[in-house]
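Proteins get letters first, then strands, A, B, ... in listed order; numbering begins at 1 in each.
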Amino acid sequence: NAGVMQNPRHLVRRRGQEARLRCSPMKGHSHVYWYRQLPEEGLKFMVYLQKENIIDESGMPKERFSAEFPKEGPSILRIQQVVRGDSAAYFCASSPTGMNTEAFFGQGTRLTVV
Amino acid sequence: AQSVTQLDSQVPVFEEAPVELRCNYSSSVSVYLFWYVQYPNQGLQLLLKYLSGSTLVKGINGFEAEFNKSQTSFHLRKPSVHISDTAEYFCAVSDPGNFNKFYFGSGTKLNVKP
């Protein structure tokens, strides 16, 4: 059973471009969470999704950020018009239920905005 | 919202010495508690978790943690560390009103010296 797969592992974008981060949950997991880790900080919750639904987006910045988890395919975290402050590691976790006690984390996508 | 405090940002220790990494959280109600390890450029790996029951929790790689409700602490310990334990360690707490997300501490970098 493959773990949570995130790609790309590293992404470089120029200011103003769009960044798309993908997360394929573990087999059988229909709950996905996105976290952001800024340099020298802990992880901060961004959004929790279930298939085709956003359940909790209380940690998402109000502008430029969006997330989806379609019926088929991976979850996507999309950042439009990236700025230098978006440079961070973005981690995805998945769970078979809505409980984070059973969550597994991916290896993250490290976004660098130049 | 929860807050999680890891007082030590860095802990240097010699190989085979004991180590304790401290974690305090803010909530006085029932919570779930976790310790994760992050090796360089890797994702988060669960070391151990406390859900209920015995306050002493044993995890992987010889780590253990003790839940102390009165002190709202969940310190991580290992009696004898190895070079391979060099990594960053994160304490996390579940929101008591919402078990869908974690609140993470800012991390403790453990540096094991030969």
Honestly curious: do B:V37 and B:V11 fall in one hydrophobic cluster under the side-chain, below-4.5 Å linking rule?
yes

Report yes if some heavy atom in the side chain of B:F102 is under 4.5 Å from a heavy atom in the side chain of A:L43; otherwise report no.
no

Should we count CZ of A:R15 as having more than 12 external heavy atoms under 6.0 Å?
no

Could you tell me which portion of B:L46 (side chain, backbone, both or neither) has an atom closer than 4.5 angstrom to a non-hydrogen atom of chain A?
neither

Is there a path of hydrophobic side-chain contacts, each under 4.5 Å between heavy atoms of I/L/V/M/F/W/Y residues, joining A:V12 to A:L111?
no

Would the number of heavy atoms belonging to other residues, nucleotides or ligands and lying under 6.0 Å from CE of A:M60 be above 12?
yes

Membership question, hydrophobic clusters at under 4.5 Å side-chain separation (ILVMFWY): are A:F45 and B:L44 in the same one?
yes

Checking heavy atoms, do the side chain of A:Q37, its backbone, both or neither come under 4.5 Å from chain B?
side chain

Given that the side chain runs from C-beta out, which part of A:S95 has a heavy atom under 4.5 Å from chain B: side chain, backbone, both or neither?
neither

How about A:Q81: does its CD atom have over 12 heavy atoms from other parts shown lying under 6.0 Å from it?
no

Enumerate by number any residue of residues 104-114 of chain B whose heavy atoms lie under 4.5 Å from heavy atoms of chain A; in the absence of such residues, state 'none'.
B:F104, B:G105, B:S106, B:K109

Most heavy-atom pairs under 4.5 angstrom with chain B, which of A:F91, A:Y35, A:F104, A:Y48?
A:Y35

Quick one: salt bridge (Lys or Arg N to Asp or Glu O under 4.0 Å) partners of A:E68, sequence neighbours excluded?
none

Starting at CD of B:Q45, measure out to CZ of A:F105 and round the result to the nearest 0.5 Å.
12.5 Å

Anything under 3.5 Å between a donor and an acceptor, one on a side chain of residues 58-66 of chain B, the other on a protein residue two or more places apart or in another chain? List them.
| residue | atom | partner | partner atom | Å |
| --- | --- | --- | --- | --- |
| B:K58 | NZ | B:E64 | OE1 | 2.8 |
| B:E66 | OE1 | B:R77 | NH1 | 3.4 |

Interface residues of residues 81-89 of chain B facing chain A - heavy atom cut-off under 4.5 Å:
none

Group every Ile, Leu, Val, Met, Phe, Trp and Tyr by side-chain heavy-atom contacts under 4.5 Å, then state whether A:L11 and A:V113 land in the same group.
yes

Should A:I79 and A:V47 be regarded as members of a common hydrophobic cluster, given that ILVMFWY residues are connected when their side-chain heavy atoms come within less than 4.5 Å of each other, either directly or indirectly?
yes

